[in-house]
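Here's the structure, in structure tokens; my notes come after.
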Amino acid sequence: MNTINTFIARTIRWFLIVFGLVTSATLPFAVDIHLLTPMLGGLVDYTPSSVPALRHWGIMIFGIGVLMVVAGLRPWLRFETMLFSTVEKAFMVYLFLANQDQPWAAGYFFAFIVDAVIVAYGVLYFVSGQGRPSTWVMADNAAVPGASRPVVR
């Protein structure tokens with residue numbers, strides 16, 4: 001367990017920053033949907049009726065990426081960010097695995113690899129001492145009038 005704790009403590013900041021930047025790479029097709037097909041290897045097409053959902057998905061994933069980068073710089077935001085990103089990315093991994101027999105699935109292979117790495121790291125994070133809510137305590141309310149937020153010991 002000490003090895004996992006040390007690994008997470010040494011890598012969490014840069015992991016969140018690097019993988020947050022990779023995750024936020026969906027912004028271009030949120031802005032211009034015509035970039036979706038080239039970004040996914042020419043294997044994934046879109047229809048006019050799917051454009052709003054795909055663009056919304058692109059901006060939401062971009063937001064998760066930005067949140068990951070910010071959490072890399074703000075330790076008090078890490079638990080919630082890791083929880084949200086691990087669950088969201090686990091679902092994407094599931095979707096890829098469940099649709100491997102589809103011809104368009106290969107277009108999502110890079111996203112599958114990135115998301116699988118994030119999920120694996122997320123599991124390690126939650127197994128480690130940093131990823132357990134019991135290590136979080138409420139801040140001294142006298143120090144922050146009218147507010148309390150979790151802080152890492």
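Counting heavy atoms from C-beta outward, Leu77 and Leu67 have side chains that approach closer than 4.5 Å.
Between Tyr125 and Phe7, the gap from one ring centroid to the other reaches at least 6.0 Å. Ring centers of Tyr108 and Phe112: at least 6.0 Å apart, outside the cut-off.
Cluster annotation: Ile118 is connected to Leu124 through the hydrophobic network of ILVMFWY side chains, with a link wherever side-chain heavy atoms come within less than 4.5 Å. Note: the hydrophobic cluster containing Tyr94 does not contain Met92 (ILVMFWY, side chain heavy atoms under 4.5 Å, direct or indirect links). Under a hydrophobic-cluster definition in which Ile, Leu, Val, Met, Phe, Trp and Tyr are linked whenever side-chain heavy atoms come within less than 4.5 Å, directly or via other members, Val69 and Val22 are assigned to different clusters. By the criterion of side-chain heavy atoms lying less than 4.5 angstrom apart, applied directly or through intervening Ile, Leu, Val, Met, Phe, Trp or Tyr residues, Ile113 is not grouped with Leu21; the two fall into different hydrophobic clusters. Linking Ile, Leu, Val, Met, Phe, Trp and Tyr whenever their side-chain heavy atoms come within less than 4.5 Å leaves Val44 and Leu95 in two separate clusters.
One distance of note links CZ of Arg55 with OG1 of Thr26; it measures 12.5 Å at 0.5 Å rounding. Between atom CD of residue Glu88 and atom CD1 of residue Ile64 there is a gap of 4.0 Å, rounded to the nearest 0.5 Å. Between atom CE of residue Met68 and atom OG1 of residue Thr23 there is a gap of 4.5 Å, rounded to the nearest 0.5 Å. Expressed to the nearest 0.5 Å, how far CZ of Phe96 lies from CG of Asp115 amounts to 11.0 Å. Within the model, atoms CD1 of Ile61 and NE2 of His56 stand 10.0 Å from one another, a figure rounded to the nearest 0.5 Å.
With hydrogens and angles ignored, the 3.5 Å screen pairs no side-chain donor or acceptor of Ser50 with any backbone N or O of Tyr46. Using a distance-only test at 3.5 Å, with no hydrogens or angles considered, no donor-acceptor pair links the side chain of Asn99 to the main chain of Ala105.
More than 12 heavy-atom neighbours from other residues, nucleotides or ligands sit within 6.0 angstrom of CZ on Phe126.
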Quick one, Leu16 with Met82, criterion side-chain contact (heavy atoms from CB on, under 4.5 Å). Give me CA distance, side-chain angles, the key distance, then yes/no. CA-CA 9 Å; Leu16 284 167; Met82 289 300 293; 3.5 Å; yes
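In this structure, Pro28 and Met39 approach most closely via the heavy-atom pair CB-SD, 4.2 Å. For the pair Gly107 and Leu43, the tightest heavy-atom approach, listed with the atom from each and the gap, is N-CD1, 3.4 Å. The heavy-atom pair separating Gly58 from Ala30 by the smallest distance is C-CB, 3.8 Å. Taking every heavy atom of both residues into account, Leu35 and Pro38 meet most closely at O-CD, 3.3 Å.
Identified under the side chain to side chain donor-acceptor pair (under 3.5 Å) test for residues 9-22, with sequence neighbours left out: Thr11-Tyr121.
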